[in-house]
Amino acid sequence: MSLSTEIEKRRTFGIISHPDAGKTTLTEKLLMFGGAIQMAGAVKARKASRHATSDWMKIEQERGISVASSVMKFNYRNYEINLLDTPGHQDFSEDTYRVLTAVDSAMMVIDSANGVEPQTEKLMEICRMRNTPIVTFINKLDREGLEPLDILSEIEEKLQIECAPMSWPIGMGKAFKGVYNLYKKQLNLFSAGADTSDFETVQISDLNDPRVDELLGSQADELRDDIELLEGAADPFDLEYFLAGSQTPVFFGSAINNFGVRELLDAFVELSPAPGPRQAVERMVHPDETDFSGVCFKIQANMDPAHRDRIAFFRICSGKFSKGMSVRHHRIGKDIKIPNATIFMAQDRAHVEAAYAGDIIGIHNHGTIKIGDTFTSKEKLKFTGIPNFAPELFRRVRLKDPMRRKQLHKGLIQLSEEGAVQVFKTLLGGDYILGAVGVLQFDVTVARLKSEYKVEADYVAADFQVARWITCDDDKKMTEFRRLFEANLAEDGDGFLAYLAPSAWKLNYTQEQWPDIIFHKTREHI
Ligand code: G4P
């Protein structure tokens, strides 16, 4: 099969949602449609085991599970789908953000009772950085929720994306009758408790068809009114807008009842983009170029504690990866042979024989791979777009045995290179401040410092709430800023200067006062 045929049939995406909106349930249904799992409950069981604890040691015991669920590959129709897990509960972390830099599109799940929630807003912000196309699923229509039109305006307002409803719900909660497919002019009828993909579908000529009244009774007129209103108010679907990330097609349903999921998946594979070109420092790289290239976007440590093993997850950006091939690891300038890369199926892992752009492969290593590393068959390339994200939580590290300071430094630098946590060293006093986007990252760091570097450390509160990397073209201004803000300045693990602010307000104020200083929310690994 030609390279472009392989690429055309691939879809690589992640799900963005707030905890409890139904991501796990939806994932499970999607995998079932793909025949990747036979039984409901398989993904849920994993989630339960992951949630049983926020303790790193126990997480480690579950590590096989969490790795297997990092990427779930399945087939649907003639598409090969890579679903990348976006950790969302206690395991919400910078990885969640980075995963979104490796996808070509995203599915957004919204709980119809809660509307747009904070974690969705955060994840959406990451998607917007790359204008990632987003398909929206409004879930839990079998429960009483917000008015559909209100949900759409909330999405438009809070997430700054235009909504194009593809289907429209008929009632909700106990009165939920199903959805009307606006484009196919079909009524998809719902019956509670039937966990099936074979809900009744009725083709109608238009909404005045008498069958609408027969089937929906008094709700028929409500639907007609809704659609009339919608036709005046809502935007029609526009593929170009969608692909540019400025419009999202919206579907309604109930994941737990498997209602609306097939329509969602069908539209998703048809509308969402195949793997596209990716930017490298040197040039744009196209997926159908014959030479292999890939970039590391995530590292998962301690797969096997006996070997201090790590798996580096690579997104293939171009060409074909074949088992046993040699690739150039450009940062260290060495060719390495990769005999046993792993590809992640929904329920187990397998050795990769061949993989193409959009696929994710796992490469074992012992700490020689950093996030952002690029591998190619020969050409020197460095992919961009996998940045560090400004941390949102901070802790000051307290070393219990001052004699172990060197080991602490080494451990923190290595852990930051792996993306487990971000480390900042204050200009004043040289204290280590750790930055994260999920609290579990702090627990993991302390546990790993102890087990891998024999360093006993804990945390005290740090008086910072926001961080921004800073640069300035005017050396004089920068020197002045450094002098005045020394107590709030720190260098990150790669030596880049960051301003740590005690509050968002203070950051805004400082930004206003110092227009020559550029405050960056993200920083590329360079
Ligand atoms: P998450 O991964 O986004 O955190 O959400 P998850 O799928 O675990 O779903 C969160 C809760 O919402 C679960 O209930 C799940 O059963 C429920 N849920 C998911 N989809 C629907 C839906 O379409 N309708 C309704 N009514 N509920 C839905 P739970 O009580 O937390 O767990 P469980 O007891 O069902 O396992």
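Atoms within a ligand are numbered from 1 in the order they appear, just like the ligands themselves. It should be emphasised that the depicted structure is a prediction, and the values quoted were computed from it without experimental measurement.
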Self-check item: Beyond-backbone contact of Met129 with Pro387, side-chain heavy atoms, under 4.5 angstrom
Solution: yes

Quiz item: Is there side-chain contact between Ile134 and Cys127, with heavy atoms separated by less than 4.5 Å?
Solution: yes

Quiz item: Donor-acceptor pair, Gln247 side chain versus Pro236 backbone, under 3.5 Å?
Solution: yes

Quiz prompt | Non-hydrogen side-chain atoms of Lys122 and Glu392 separated by less than 4.5 Å | solution = yes

Quiz item: N/O to N/O below 3.5 Å, does that happen between Gly22 and ligand 1?
Solution: yes

Self-check item: Contact partition for Ser254 relative to ligand 1, non-hydrogen atoms under 4.0 Å
Solution: both

Quiz item: Looking at Pro19, which atoms of ligand 1 are within less than 4.0 Å of one of its heavy atoms?
Solution: 4 (O)

Quiz prompt | Any Phe33 side-chain heavy atom under 4.5 Å of Phe74 side chain | solution = no

Exercise. Using side-chain hydrogen bond (donor to acceptor under 3.5 Å, both in side chains) as the criterion, point out the one residue from Asn388, Thr522, Asp492 that pairs with Trp469.
Key: Asp492

Quiz item: Is any N or O atom of Ala255, backbone or side chain, closer than 3.5 Å to an N or O atom of ligand 1?
Solution: yes

Practice problem: Pull out every atom of ligand 1 sitting under 4.0 Å from any heavy atom of Lys23, numbered as shown with elements. | Solution: 1 (P), 2 (O), 3 (O), 5 (O), 7 (O)

Quiz prompt | Non-hydrogen atom of Asn257 closer than 4.0 Å to ligand 1 | solution = no

Exercise. Can you sort out which atoms of ligand 1 are near Thr25, meaning under 4.0 Å from one of its heavy atoms?
Key: 6 (P), 7 (O), 9 (O), 15 (C), 19 (C)

Quiz item: What about Ile256: any of its N or O atoms under 3.5 Å from an N or O on ligand 1?
Solution: yes

Self-check item: Location of contacts on Asn139 toward ligand 1, heavy atoms closer than 4.0 Å
Solution: side chain

Self-check item: Enumerated ligand 1 atoms positioned under 4.0 Å from heavy atoms of Asp20
Solution: 1 (P), 3 (O), 4 (O), 5 (O), 10 (C), 12 (O)

Practice problem: For Thr120 and Ser17, work out which heavy atoms get closest and say how close. | Solution: OG1-C, 3.5 Å

